[in-house]
J.: 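Okay, handing you the structure first.
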Amino acid sequence: MSTNEDSNVHVDDAADFESFHLDSRLLQAIKYNGFEKPTLIQSSAIPLALEQKRDVIAKASTGSGKTLAYLIPLIQTILLHKLSQTDEGSSQKTLGIILVPTRELAQQVQSMLNKLILYCSKEVHSLNLSSQLADNVLTSLLLDGPEVLISTPSKLLNVLETKSNALSVDALKVLVIDEVDLVLTFGYEDDLNQIAKYLPLKKNLQTFLMSATLNEDIQELKSRFCRSPAILKLNDDEINKDQSKLIQYYVKVSEFDKFLLCYVIFKLSLIKGKTLIFVNSIDRGYRLKLVLEQFGVRSCILNSELPANSRQHIVEEFNKNVYQLLIATDDTEYIKEEDEDHQEGDNEKAENNPEGNRKNKLSGSLTKKDRDYGVSRGVDFLNVACVLNFDLPTTSKSYVHRIGRTARAGKSGVAISFVVPLKEFGKHKPSMCPSSKKDEKILSKVIKQQSKLGFEILPYSFDINQVEGFRYRMEDGFRAVTQVAVREARVKELKQEMLASEKLKRHFEENPQDLHSLRHDKELHPARVQQHLKRVPDYLLPEAARKDKKKIGFVPFHSAKNLKRKNKVYKNKNNNKRGAKSDPLKNFK
Ligand SMILES: Nc1ncnc2c1ncn2[C@@H]1O[C@H](COP(=O)(O)OP(=O)(O)OP(=O)(O)O)[C@@H](O)[C@H]1O
């Protein structure tokens, strides 16, 4: 394997897609989409599946191209099957099922599938069962006999149980379980066991179990779903070279200083490019957004509470570079490791442990959250320059998946993790995150895990004195963001998104251009807005960033001139003087 410098993608130069003897329509679509050479996981899995007809269990790093590794064999199998069918009517059957843990992933897999069936869309139809279709619409779409179903396990089970007249899986040829260990930790195991009863397992059904992290838990699934599978474990050796383009840092900071540092980093644009910030609860996401808003730093929010189509739109817009800063709540942790991490009296426990909720509580909801939500795993965020673990995840496994949102497909990226030292924990209640109590423990696990893979996590060296000057402004800004303000922001955003999602759905279908001007990073304003905080006075800038100083320091500070220009833009926006597209939410009648 070597790096293809031109495409900036780590590929297997020794292989090519032509050698897989694919249907010409599929091959053409692969090329049309710019996939010149297969990645290592693809060049390993595709021949095993197509030539040797083996079941495949694959473990390969995040961003290594696992989706194509199963979609290509799946489509090829369907096309071959179709060619072998003489009677047209008999070919309208479900031939492939792809199970994923979250709706976000279901949507993403379907759009990748659509790209690959560009030249054979009459032969291969897909249906995303998790896309919240009305019951009668779903039944009629199922009756059309889509060849590929994409779903979360619970939704598929529901359909198998309630719509047996509309769905037949007798002819099923391929079953994929993507992000298989997350499927398990999401508590879908029972659903999978039930689903297994409906499937023609161990007949002609070929299975793919894919993930970036695998553990012993999959043994049972393996024996239930696979026949002597080929096991590919690619992330320990060569493929790791891909990840050398990811630089990892940690910063030891107090709870309050996380906000301070975050403000300085983004206000002074110390990170070039798009950043994905992970927090551990929904409230913290809004708190951080409101705090940054105080300083004129815009961001948008992604969490399980937002309507599914808003979430999808946010990810799409972020991928199109509409937003630079996305604050994502990642509360999809792992029950096993979480159990030992529970803290008594932790009032955010329910929020931080959805699987725990799922297992312990009635499947009804104590929270409004969508349990099929998840963004740290599998979602292909494009061109993310930096992943910032504002709150450290509570497991080392989750860390792997979060940082995997950057440095994808051979690109480079940076991961920065804020770590609260135990002695600092709980000292500043309003900025405290309950899970931070274990930060140091998790960090040492992460360091061990990464060093086993040959990677180092470096302490991020910065001069705290340089940011000290900003402290009083942060204290001022932080005070304005009360718990009530956070709650109000949460409700306001939810209302806004519901409106956008439900009432305007039709409008947007008719006027797709308006969708582009529907921004998710609007200022929420429930906190007292202090206009003066949005400007950074020259005397506060570190020497390197002042306009009279030519020398640039260790961090790539923007020049004061640029900062001023930015501040002017924010000012204009606040005065509503921008001449850009009007807000469709406001205009809609
Ligand atoms: N052969 C290829 N050539 C160029 N780019 C590719 C190739 N295969 C996949 N990619 C791109 O690499 C990115 C990552 O692929 P993919 O989402 O399949 O990774 P993954 O291994 O499933 O990651 P994760 O474990 O995070 O889900 C995508 O943007 C995809 O379009």
Side-chain angles (χ1 to χ4, degrees), residues 1-20 22 26-27 29-46 56 58-74 98-102 104-116 176-183 208-214 232-235 239-240 242-243 245-246 276 315-316 318-320 330 332 374-384 387 397-413 415:
M1 191 170 88
S2 66
T3 310
N4 177 340
E5 292 298 341
D6 292 331
S7 64
N8 207 14
V9 172
H10 231 54
V11 291
D12 185 355
D13 267 343
D16 50 43
F17 285 113
E18 284 78 3
S19 65
F20 303 145
L22 301 173
L26 175 55
L27 189 61
I30 291 172
K31 297 285 161 156
Y32 178 85
N33 284 290
F35 305 125
E36 293 300 327
K37 294 250 172 198
T39 63
L40 192 62
I41 183 67
Q42 292 159 8
S43 66
S44 313
I46 296 171
V56 174
K59 176 189 177 209
S61 3
T62 53
S64 58
K66 291 187 289 296
T67 318
L68 254 61
Y70 65 75
L71 280 183
I72 290 174
L74 169 73
I98 302 169
L99 293 175
V100 291
T102 64
E104 279 72 20
L105 214 46
Q107 172 59 37
Q108 185 180 294
V109 168
Q110 190 178 34
S111 67
M112 181 60 91
L113 178 80
N114 287 340
K115 287 181 184 171
L116 294 179
V176 179
I177 308 180
D178 197 0
E179 301 291 346
V180 61
D181 62 337
L182 187 63
V183 165
F208 292 80
L209 309 187
M210 319 291 286
S211 190
T213 48
L214 284 179
L232 296 171
K233 286 189 180 178
L234 293 183
N235 56 343
I239 218 158
N240 274 347
D242 259 359
Q243 291 190 343
K245 294 196 170 179
L246 171 68
L276 184 57
V315 174
E316 281 167 9
F318 185 65
N319 280 346
K320 285 187 213 150
D330 174 32
T332 55
V375 287
S376 68
R377 304 274 304 240
V379 175
D380 191 25
F381 289 105
L382 299 179
N383 302 321
V384 175
V387 165
K397 205 172 186 183
S398 182
Y399 177 87
V400 172
H401 287 281
R402 282 192 190 181
I403 63 169
R405 298 316 101 202
T406 184
R408 292 175 75 74
K411 299 220 163 70
S412 45

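We count ligands from 1, going down the list as the structure has it; atoms in each ligand are counted the same way. All figures in this text were calculated on a predicted structure; none of them were measured in a lab.
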J.: Looking only at heavy atoms, is any part of Gln42 under 4.0 Å from ligand 1, and if so is it the side chain, the backbone, or both, or is it neither?
T.: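 Under 4.0 Å from ligand 1, Gln42 contributes side-chain atoms alone.
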
J.: Can you list the ligand 1 atoms lying under 4.0 Å from a non-hydrogen atom of Glu179?
T.: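 Every atom of ligand 1 under 4.0 Å from some heavy atom of Glu179: 24 (P), 25 (O), 27 (O).
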
J.: Which heavy-atom pair separates Val56 from Leu232 by the least distance, and what is that distance?
T.: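 Result for this residue pair: CG1-CD1, 4.0 Å.
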
J.: Got a donor-acceptor contact below 3.5 angstrom from the Asp178 side chain to the Val100 backbone?
T.: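 Absent.
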
J.: Do Phe17 and Ile72 touch side chain to side chain, with heavy atoms closer than 4.5 Å?
T.: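 Sidechains of Ile72 and Phe17: in contact.
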
J.: Check whether any side-chain heavy atom of Tyr70 sits under 4.5 Å from a side-chain heavy atom of Ile98, and report yes or no.
T.: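 Yes, at least one pair of side-chain atoms sits under 4.5 Å.
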
J.: Should you measure from each heavy atom of Phe35, which atoms of ligand 1 turn up under 4.0 Å away?
T.: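 Numbered from 1, ligand 1 contributes 2 (C), 3 (N), 4 (C), 5 (N), 6 (C), 7 (C), 10 (N), 31 (O).
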
J.: Phe17 versus ligand 1: do any nitrogen or oxygen atoms come within less than 3.5 Å of each other?
T.: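 Between Phe17 and ligand 1 (N or O atoms, distance only) the closest approach is not under 3.5 Å.
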
J.: Under a heavy-atom criterion of less than 4.0 Å, does Glu36 contact ligand 1?
T.: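 Glu36 does not count as a contact of ligand 1 under the 4.0 Å cut-off.
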
J.: Using a strict cut-off of 4.0 Å, indicate which atoms of ligand 1 neighbour a heavy atom of Arg405.
T.: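 Within the 4.0 Å cut-off of Arg405, ligand 1 contributes 26 (O).
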
J.: Using only atom types and a distance under 3.5 Å, with no angle test, would you say the side chain of Lys59 pairs donor to acceptor with the backbone of Met210?
T.: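 Flag not set: sc Lys59 to bb Met210 has no pair under 3.5 Å.
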
J.: At a 4.0 Å cut-off, with the gap strictly under it, does some heavy atom of Gly63 reach an atom of ligand 1?
T.: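 Within the 4.0 Å threshold, so yes.
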
J.: Of all the heavy atoms in Met112, does at least one lie under 4.0 Å from an atom in ligand 1?
T.: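 Per 4.0 Å heavy-atom rule, Met112 contacts ligand 1.
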
J.: Answer with yes or no whether Ser64 contacts ligand 1, where contact means a heavy atom under 4.0 Å from a ligand atom.
T.: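 Flag set, Ser64 near ligand 1.
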
J.: Is Lys37 near ligand 1, meaning one of its heavy atoms is under 4.0 Å from it?
T.: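 It does, in that a heavy atom of Lys37 comes within the 4.0 Å cut-off of ligand 1.
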
J.: Quick one: which ligand 1 atoms are inside 4.0 Å of a heavy atom on Thr67?
T.: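 Near Thr67, meaning under 4.0 Å from one of its heavy atoms, ligand 1 has 16 (P), 17 (O), 18 (O), 22 (O).
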
J.: Counting each atom of ligand 1 from 1 as listed, which ones have a heavy atom of Thr39 under 4.0 Å away?
T.: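 So the answer, numbered in order with elements, is 1 (N), 2 (C), 7 (C), 8 (N).
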
J.: Can any side-chain N or O of Lys66 pair as donor or acceptor with the backbone N or O of Ala60 at less than 3.5 Å?
T.: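 Confirmed, Lys66 side chain pairs with Ala60 backbone.
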
J.: So do Gln42 and Thr39 actually touch side chain to side chain, heavy atoms under 4.5 Å?
T.: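 Side chain of Thr39 against side chain of Gln42, heavy atoms only: contact under 4.5 Å found.
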
J.: Indicate yes or no: at least one non-hydrogen side-chain atom of Leu105 is less than 4.5 angstrom from one of Glu179.
T.: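 Contact flag for Leu105/Glu179 side chains = yes.
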
J.: Would you say Ser61 contacts ligand 1, with heavy atoms under 4.0 Å as the rule?
T.: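 Contact present.
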
J.: Within the 4.5 Å heavy-atom criterion, are Leu116 and Leu113 side-chain neighbours or not?
T.: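 Not in contact.
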
